[in-house]
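Input: a single structure, listed below in structure tokens.
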Amino acid sequence: GHLYGRDRLDRLDLQRGRSHDPSEPLNAPDGKRDNDSQSHKLFADHGARPSVDRIRYLVIVLYGLLGMPGGCIKIIRSSELGVTMNRWYVSLLSILLCVSLAQAVVPPNVSRTDGGEFIDKLIALLAYLREDVSYVNVKSCGAKVDGTTDDTAALNTCLATHLAVFIPLGTLKITAPVVLKTGMPLCGAGKSVTRIRNYSNTSALTASVATGGTRQIRICDLGIDDNLSAGSRTAGHAIHIDGTTDAAIVVLERLETNQHFDGIHLDGPVITSSIRDIRANIARRNGFSVNGASTSLTFDTTYANGSVSHGYYNNGGCNYWTFRNTASDSNGGNAYYIEGGCDTLVMIAPGAESNVAGIYIKDAQNVTIIEPKIVTVSGALNDGIQLDGVLKAQIIGGQISSVGRDCLRVSTSNTPITPADVLVTNTKFSTCNSGSVITDPNNVVEYRLGTRIWRGGGTGSALEHAGD
């Protein structure tokens, strides 16, 4: 309304043959405009030309139309109306609310000059709109987020005294572990623009679940970097969550870790948890590590790259696990290493390139691998997929190629479970360097390629041409 009225007034002034003074309010007649009006205060306080404000409104409207109205819904949820709404189903209302209150909600860290810093304004505004009103900006607790000041104490104080903490754009330096409370989220403005830099040989972010308390832990939109000299880290993970006392419910989203011992380390049990859109780079041990029995854990669009040992590692049991659109490249061990007794494991489009070993699953049942892409397994004694003591498994589609030993090996080493009923359908095998597409000494594999069916027993070297 302000923008439309001022634009209309500008046109009327031009028709009258004079220029309109932007400092004059909209609601006063010629020669009697009251410079103390509320309308004038809005524009004067923000110090922005109408064109900049017009763009700001447009950005907010587009932001809502794209389905990300969280910043506006926070106003609804914090208002005196006491309304509680699902943030994803009231886009239109959030847009209207933003348009009417845009001038009032611009955060303090947005530049209020009318110069050429619109991009900075836009970044800060979008970061603010992602923030929920319940979040406390860590800067209000004394943190500088400048990359040089030690912000460990400020961040720990914030986490200990508030229900949720937000880290804005910048780099936050820590020299000791940061301790999260259960039930209290810690989020940044984005994993590429909010970074935590760890100067200690301990874990960067830690959380433990106590018996009988809130069990959920949420971390999102951060990057966590190791600042120790190359090769000097001997302990400490980017994120370490301990659920050994009571099962943890973990939500980790839109994160990046660099050069810690493990990128993400979970001590189970972990239940009903989601790990999504996370990149774990160059871990000294494993990119993602889960120890202890865990149930209903989902890895979605995650990536492990360049780990000294394994990309994904589990030891201790996994029930109802799902890997969806995951990748694991250039690791010194297995792309995926899963053992310890699993029931119902589903892997959808798992990718693995240039690893020493591929997918290893031991002592499990009800395993389904759909459209795997496993390329270049460099270890001479390692396989594309090895099922060791797996009961009831199926591999559907995908490709396995350029493998050091067998493209698929089914074995029973040191396990009480006898494998049976391993069904492989339309999976393309090529360049299995041991000369065996499938090694199946227990005669449990049935391989179907189009109308051709091969049943196991010994070594399947005759199938080398089947992937052509």
Side-chain angles (χ1 to χ4, degrees), residues 150-152 155-156 171-180 186 188 191 194-209 217 219-220 222-245 248 250 252-270 273 275 277-294 297 299 302-316 318 326-340 352 355-357 360:
D150 185 353
D151 288 328
T152 310
L155 180 54
N156 274 322
T171 299
L172 189 144
K173 175 182 175 180
I174 61 171
T175 56
V178 172
V179 181
L180 282 74
L186 172 66
K191 61 184 177 183
T194 298
R195 311 294 294 191
I196 294 177
R197 187 173 297 161
N198 186 9
Y199 284 74
S200 72
N201 196 38
T202 57
S203 295
L205 304 181
T206 65
S208 298
V209 178
I217 298 162
I219 305 171
C220 65
L222 296 169
I224 306 172
D225 303 314
D226 180 9
N227 201 71
L228 297 183
S229 59
S232 63
R233 177 168 293 280
T234 58
H237 315 298
I239 295 175
H240 181 195
I241 296 175
D242 186 356
T244 55
T245 301
V250 178
L252 305 177
E253 300 177 298
R254 300 177 298 278
L255 302 171
E256 181 178 65
T257 69
N258 287 305
Q259 299 181 329
H260 283 76
F261 203 58
D262 289 343
I264 307 295
H265 183 98
L266 308 179
D267 284 323
V270 174
S273 297
I275 298 176
D277 189 11
I278 298 176
R279 181 181 180 116
N281 297 316
I282 320 177
R284 310 297 187 200
R285 188 171 63 179
N286 305 314
F288 299 87
S289 185
V290 183
N291 295 320
S294 298
L297 178 61
F299 292 87
T302 53
Y303 180 46
N305 175 55
S307 302
V308 172
S309 293
H310 308 298
Y312 298 82
Y313 175 82
N314 168 255
N315 183 10
C318 55
T326 57
S328 186
D329 299 340
S330 304
N331 299 291
N334 286 86
Y336 305 83
Y337 185 101
I338 301 169
E339 69 169 343
N355 298 283
V356 171
Y360 178 76

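All values below come from the heavy atoms of this structure, side chains included, with hydrogens, waters and symmetry mates left out.
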Subject >> Side-chain heavy-atom pair N355, S328 within 4.5 angstrom cut-off >> reply: yes
Subject >> With H310, the side-chain contact (heavy atoms from CB on, under 4.5 Å) member among D262, V356, N334 >> reply: N334
Original post:
For the side-chain contact (heavy atoms from CB on, under 4.5 Å) test, which of I239, V290, I219 pairs with I264?
Top reply: I239
Subject >> Separation of Y360 OH from I338 CD1 (nearest 0.5 Å) >> reply: 11.5 Å
**OP:** Would you name the heavy atoms of G263 and T257 that are closest together and state the gap between them?
**Re:** CA-OG1, 3.5 Å
**OP:** Report yes if some heavy atom in the side chain of T234 is under 4.5 Å from a heavy atom in the side chain of F261; otherwise report no.
**Re:** no
Original post:
If you take all heavy atoms of G306 and N331, which pair is closest and at what distance?
Top reply: N-OD1, 3.4 Å
Original post:
What pair of heavy atoms forms the shortest contact from T152 to I174, and how long is it?
Top reply: OG1-CA, 3.1 Å
Subject >> Closest approach of P269 to G243 (non-hydrogen atoms, all atoms of both residues) >> reply: CD-O, 3.1 Å
Original post:
Out of R233, R197, Q259, H260, which residue meets the side-chain hydrogen bond (donor to acceptor under 3.5 Å, both in side chains) rule with D226?
Top reply: R233
Original post:
Between Y312 and T302, does any side-chain donor sit less than 3.5 Å from a side-chain acceptor?
Top reply: yes
**OP:** For the pair D277 and R254, find out whether any cationic side-chain nitrogen is under 4.0 Å from an anionic carboxylate oxygen.
**Re:** no
Original post:
Just checking, is any N or O donor in the side chain of D267 or H265 under 3.5 Å from an acceptor N or O on the other one?
Top reply: yes
Subject >> S307 and N286 side chains, donor-acceptor separation under 3.5 Å >> reply: no
Original post:
What is the minimum heavy-atom distance between T206 and P177, and which atoms define it?
Top reply: CG2-CB, 4.3 Å
Original post:
Taking C-beta and beyond as the side chain, do Y303 and D329 meet within less than 4.5 Å on heavy atoms?
Top reply: yes
Original post:
So do the side chains of L222 and T194 get within less than 4.5 Å of each other, counting heavy atoms only?
Top reply: yes
Subject >> Donor-acceptor side-chain pairing of Y336 and T326 below 3.5 angstrom >> reply: yes
**OP:** In sequence, state the C-alpha distance, the side-chain angles, and the governing distance for D225 and T171, and then conclude on side-chain contact (heavy atoms from CB on, under 4.5 Å).
**Re:** CA-CA 10 Å; D225 303 314; T171 299; over 6 Å; no
**OP:** Mind checking the CG-CG spacing from D242 to N291? Nearest 0.5 Å is all I need.
**Re:** 10.5 Å
Subject >> Taking every non-hydrogen atom, the tightest pair across S294 and G268 >> reply: OG-CA, 4.2 Å
Original post:
For the side-chain contact (heavy atoms from CB on, under 4.5 Å) test, which of L255, I196, I241 pairs with L205?
Top reply: I196
Original post:
Could you give the distance from CG (N258) to CG (N305), rounded to the nearest 0.5 Å?
Top reply: 9.5 Å
